[in-house]
Amino acid sequence: MDYCTENCTENGVLYVVATPIGNLCDISYRAVEILKQVDLIVVEDSRRSAKLLQHYNIKAKTYTLHDHNERENSTKLVKKLRFGASIAIISDAGTPLVSDPGYVLVNEAIHQQLKVVPIPGCCALIAALAVAGLPTDRFCFEGFLPAKSIARLNRLQQLVSEPRTMVFYEAPHRVLDTLRDMSVTFSEERPAVIARELTKTFETLRRDSLSTLAEWVSQDQNQQKGEIVLLVHGAPAGLHSDADLDRLLAILMQEMPLKKAANLASKITGVKKNQLYKKGLLLKLVQP
Ligand code: SAM
């Protein structure tokens with residue numbers, strides 16, 4: 001398809017196209033059609049996209065967009081759209097912009113009043129949520145947690161009283177540490193799910209308590225490989241929210257040693273002493 005390079009009054013369209021998260025058949029007819037029609041396909045990693053494009057005999061030119069060159073290249077791409085080019089953006093897997101590049105380009109196109117069209121399809125978080133068996137009426141997507149332990153504990157601490165199902169993406173080499181941190185922060189018994197390698201040969205789903213999942217992953221090296229979504233049940237509605245307990249402990253810990261503070265907080269709230277003691281340790285770790 002040709003597009004004009006000057007004096008063009010008709011703007012092109014930016015299509016945001018979802019691609020498979022493993023199984024190459026998980027793509028819509030419309031997505032394949034659009035990818036065959038557009039002038040340019042913006043990709044994240046040209047070698048990874050080549051597999052999909054070859055499979056569907058898609059011959060459009062590709063253009064690489066990484067997180068580190070997104071701003072500069074988005075300006076160039078928006079210029080092409082203004083000159084009438086039709087462009088599709090895809091990522092290595094799933095829906096672009098969901099923990100993937102594309103935000104700057106889409107935003108710039110919207111800012112320039114260009115048409116942006118979604119071509120929906122796979123998204124690992126939705127696929128995992130749909131089979132997790134955790135409440136789906138309300139949920140929150142937390143993306144990737146910080147890689148460093150203190151920052152991760154801090155983030156988890158902020159989520160302790162989140163009542164909605166929480167969905168996280170996690171790297172395989174960090175999954176065990178994350179499960180252990182979740183177990184300490186959210187409680188050992190909190191129900192959770194590991195959804196690994198969805199739509200692929202070694203697809204695995206396991207639903208259990210956080211501590212049991214951590215134990216299982218530590219015993220089986222295979223569970224520390226591949227692509228992983230972690231889902232955690234929201235905080236139970238209790239007499240005292242975790243935020244309340246944290247506040248109470250923080251106040252008591254300013255006046256007395258942790259052990260005494262945990263004892264007293266336990267008497268006040270009826271929550272187990274050792275659970276409060278662990279919480280207090282965590283507070284000491286994450287609060288400056
Ligand atoms: N844009 C993608 C989407 O729509 O899901 C996500 C891209 S993000 C860079 C990659 C992360 O998504 C992986 O680290 C993993 O947490 C999750 N993921 C992608 N494919 C997956 C799969 N087949 N099974 C489980 N998790 C997957």
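Atoms within a ligand are numbered from 1 in the order they appear, just like the ligands themselves.
Salt bridge annotation for K279-D246: present, with a cationic side-chain nitrogen under 4.0 angstrom from a carboxylate oxygen. Under 4.0 Å is where a charged nitrogen must lie from a carboxylate oxygen, and between R48 and E44 no such pair does. Between R180 and E188 no salt bridge is recorded (no basic side-chain N to carboxylate O distance below 4.0 Å). Using a cutoff of 4.0 Å between basic side-chain nitrogens and carboxylate oxygens, R155 and E142 are scored as salt-bridged.
For a threshold of 3.5 Å applied to N or O pairs, the pair formed by C123 and ligand 1 contains no separation below that value. Geometrically, ligand 1 and A195 share no nitrogen or oxygen pair separated by less than 3.5 Å. The shortest N or O to N or O distance between Y169 and ligand 1 is below 3.5 Å. Close N/O approach between L198 and ligand 1 is found [any backbone or side-chain N/O within under 3.5 Å]. Note: no N/O pair closer than 3.5 Å links T199 and ligand 1 by distance alone. Remark: ligand 1 and T95 share an N or O pair separated by less than 3.5 Å (distance only, no angle test). Polar contact check, G94 against ligand 1: no nitrogen or oxygen pair lies under 3.5 Å apart. An N or O contact shorter than 3.5 Å links V98 to ligand 1 by distance.
Here the two rings, on F141 and Y169, have centers that are under 6.0 Å apart.
Within the 4.5 Å cutoff, no side-chain heavy atoms of N23 are placed close to those of K200. Taking the side chain as every heavy atom from C-beta outward, R190 and P236 approach each other to under 4.5 Å. Counting only heavy atoms from C-beta outward, the side chains of L52 and P20 approach each other to under 4.5 Å.
Here the closest heavy-atom approach between residue V38 and residue A60 is recorded as O-CB, 3.7 Å. Shown here for S149 and D181, the closest heavy-atom pair between the two residues is OG-OD2, 3.9 Å. Across every non-hydrogen atom of K36 and N57, the tightest pair is CE-O, 3.8 Å.
Interface atoms of ligand 1 facing A93, defined by a heavy-atom separation under 4.0 Å, are 1 (N), 2 (C), 3 (C). Applying the 4.0 Å criterion to heavy atoms of K200 picks out, from ligand 1, the atoms 23 (N). Close approach of ligand 1 to E170 (heavy-atom distance below 4.0 Å) involves ligand atoms 16 (O).
Among all non-hydrogen protein atoms, the one lying nearest atom 14 (O) of ligand 1 is F144 CZ, 3.4 Å. Shortest contact from atom 18 (N) of ligand 1 to any protein heavy atom: A124 CB, 3.5 Å. The protein non-hydrogen atom at the shortest distance from atom 16 (O) of ligand 1 is I228 O, 2.6 Å. At the shortest separation from atom 21 (C) of ligand 1 among protein heavy atoms lies E227 CB, 3.7 Å. Of all protein heavy atoms, the one closest to atom 7 (C) of ligand 1 is D100 OD2, 3.3 Å. For atom 8 (S) of ligand 1, the nearest protein heavy atom (residue, atom name, distance) is S99 O, 3.7 Å. Scanning the protein for heavy atoms near atom 26 (N) of ligand 1, the closest one is V229 CG2, 3.4 Å.
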**OP:** List the steps and the verdict of salt bridge (charged side-chain N to carboxylate O under 4.0 Å, His left out) for R174 and D177.
**Re:** CA-CA 6 Å; R174 278 199 287 269; D177 285 343; over 6 Å; no

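Judged by the shortest distance from any of its heavy atoms, F168 lies outside the 4.0 Å radius around the atoms of ligand 1. Contact annotation: G22 has no heavy atom less than 4.0 Å from any atom of ligand 1.
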